[in-house]
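Everything numeric here is computed off the predicted structure, so don't read it as measured data. Counting convention: from 1, in listed order, for ligands and their atoms alike.
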Amino acid sequence: MSRKRVLITGVNGQDGSYLAEELLARDYEVFGLVRRVGLEAPEHRLERLLPLLDRIHLQPASLESYAGIFNAVAKIRPDECYHLAAASFVSYEFDDEFSTLTTNINGTHYLLASLKDLVPQCRFYFAGTSEMFGSAEEMPQNEQTRFRPRSIYGISKVAGFELVRNYRERYGMHASSGILFNHESPRRGHEFVTRKITSGVARILAGTATELRLGNLDAERDWGFAKEYVDAMWRMLQQPIPDDYVIATGKLNSVRDFVRIAFQCAGLDWEKYVVTDPNFFRSGESVALCGDATKARQVLGWEPKKQFEEMIREMVETDCLAAGVALPAATL
Ligand code: GDD
């Protein structure tokens, strides 16, 4: 039997790189969609993919071009497609909410329309997000909870989610959405709070920084481990029937909890280094969101395994290694 062909958008992101690894291990032929500029400086722009570059195919295309997406799909003819690419940092959207909205919605639409016309049997995954719940009316949130997004990014994802549902119901496509709560790892982008904290700890330990400036320490999130979350994506596409699933740990922690544990890993007292900076506060941000992944556990046999503390330690260790410092022996 020939190898299954998979197309991943956002392949050079945190989730895309973990997913590419998992699918290579499952003997898929992996095609990643990247911006053309990424191919010009792979050592910088495709850093997370460097260990995989000789085993995956990179296809340059922009999500802003229907013709580009259509041609990429025509060339690859995937059996499965994971659509992970999006403008995804909640704070930046305010810089240009028009482009966040149009890029995220059109990219999803172009991809779905191309797959429907060229390879309608292709199974499709859409990266939804807890940001779609926004100011949710109930806690924890599950697949039945009403969406009340409070950010342009969240609104763009609700639109994408509805497009997916529409293509599934109208054209019978095997299209599913994962509603993923925050998920982190040593590969997380530095703009997100968890990586900002762990890399900040490493810099303080290495003596190249003396403080860490953060926003709201009372903000709470349901943080899981990214590598486990991409496994949930794969499981969704192996189901006989396409559907939508919440993927979450069901546990809330505050930014302060994360900070305390990360500094503890390095044998440091966080209160001596962390400075609260109003520039990093967000107005009108989503209330604390906590997911109920019962359906994923029952149908997909998926459940989160890595503990919060263990994940933080792994992130601090990786950043310390990169900064050239070892964690104090007493904390190991
Ligand atoms: N980034 C950042 N920087 N966040 C801070 C800071 C800071 O200095 N200080 C406090 N926070 C708070 C934010 O206000 C927010 O409540 C929380 O930390 C987490 O922020 P992020 O790590 O930036 O993630 P996010 O929750 O906004 O969004 C992430 O998760 C969503 C759900 O999965 C992103 O990955 C989204 O793309 C994703 O949809």
- Item | Which of the ligand 1 atoms, numbered from 1, are nearer than 4.0 Å to a heavy atom of V255 | 12 (C), 18 (O)
- Grouping ILVMFWY residues whenever side-chain heavy atoms fall under 4.5 Å, the cluster of L252 otherwise contains M139
- Query: Are any of the side-chain heavy atoms of F181 and W223 separated by less than 4.5 Å?
  - Reply: no
- Query: Just going by heavy-atom distances, which of L212, I197, N182 is nearest to atom 25 (P) of ligand 1?
  - Reply: N182
- Within less than 4.0 angstrom of ligand 1, does R188 place any heavy atom? yes
- Query: Does the N or O separation between R282 and ligand 1 drop below 3.5 Å for any pair?
  - Reply: yes
- Query: Charged N to carboxylate O below 4.0 Å: is that the case for D231 and K227?
  - Reply: no
- Query: Which one of E184, E228, E314 satisfies the salt bridge (charged side-chain N to carboxylate O under 4.0 Å, His left out) criterion with K306?
  - Reply: E314
- Message: Tell me whether K157 forms a cation-pi arrangement with F147, defined as NZ or CZ under 6.0 Å from the six-membered ring centre and within 45 degrees of its axis.
- Response: no
- Answer yes or no: does an N/O atom from E191 fall short of 3.5 Å to an N/O atom of ligand 1? yes
- Is the closest heavy atom of F281 to ligand 1 under 4.0 Å? no
- Output the list of atoms in ligand 1 that are nearer than 4.0 Å to some heavy atom of R221, sorted by atom number. 15 (C), 16 (O), 19 (C), 26 (O)
- Message: Heavy-atom pairs closer than 4.0 Å: do any link ligand 1 to the side chain of K196, the backbone, both, or neither?
- Response: side chain
- Task: Could you tell me whether F192 and ligand 1 have an N or O pair separated by under 3.5 Å?
- Result: no
- Query: Which atoms of ligand 1 sit under 4.0 Å from any heavy atom of A219?
  - Reply: 16 (O)
- Output yes when E310 and R313 qualify as a salt bridge under the 4.0 Å nitrogen-oxygen rule, no when they do not. no
- Item | E47 atom CD, over 12 foreign heavy atoms within 6.0 Å | no
- So for L217 against ligand 1, with non-hydrogen atoms under 4.0 Å, the contacting part is neither
- Task: Please could you name the atoms of ligand 1 that S130 approaches to less than 4.0 Å, counting only its heavy atoms?
- Result: 32 (C), 33 (O)
- Message: Would you say that more than 12 heavy atoms from the other residues, nucleotides or ligands in this model lie under 6.0 Å from the NZ of K116, or not?
- Response: yes
- Message: Counting only nitrogen or oxygen atoms and a 3.5 angstrom limit, does L214 reach ligand 1?
- Response: no
- Please check if the distance between the ring centroids of W270 and F258 is under 6.0 Å. no
- Where ligand 1 meets T129 - atom numbers and elements under 4.0 angstrom, heavy-atom basis: 31 (C), 32 (C), 33 (O), 38 (C), 39 (O)
Could you pull out all donor-acceptor pairs under 3.5 Å where a side-chain atom in residues 21-41 meets a protein atom, sequence neighbours excluded?
from : atom 1 : to   : atom 2 : distance (Å)
E21  : OE1    : R187 : NH2    : 3.4
E21  : OE2    : R187 : NH1    : 3.3
E21  : OE2    : R187 : NH2    : 2.8
E22  : OE2    : R26  : NE     : 3.2
E22  : OE2    : R26  : NH2    : 3.3
D27  : OD1    : R3   : NE     : 3.3
Y28  : OH     : E80  : OE1    : 3.1
Y28  : OH     : E80  : OE2    : 2.8
Y28  : OH     : W234 : NE1    : 3.0
E29  : OE2    : H57  : NE2    : 3.0

- Item | ligand 1-proximal atoms of F181, by part, heavy-atom distance under 4.0 Å | backbone
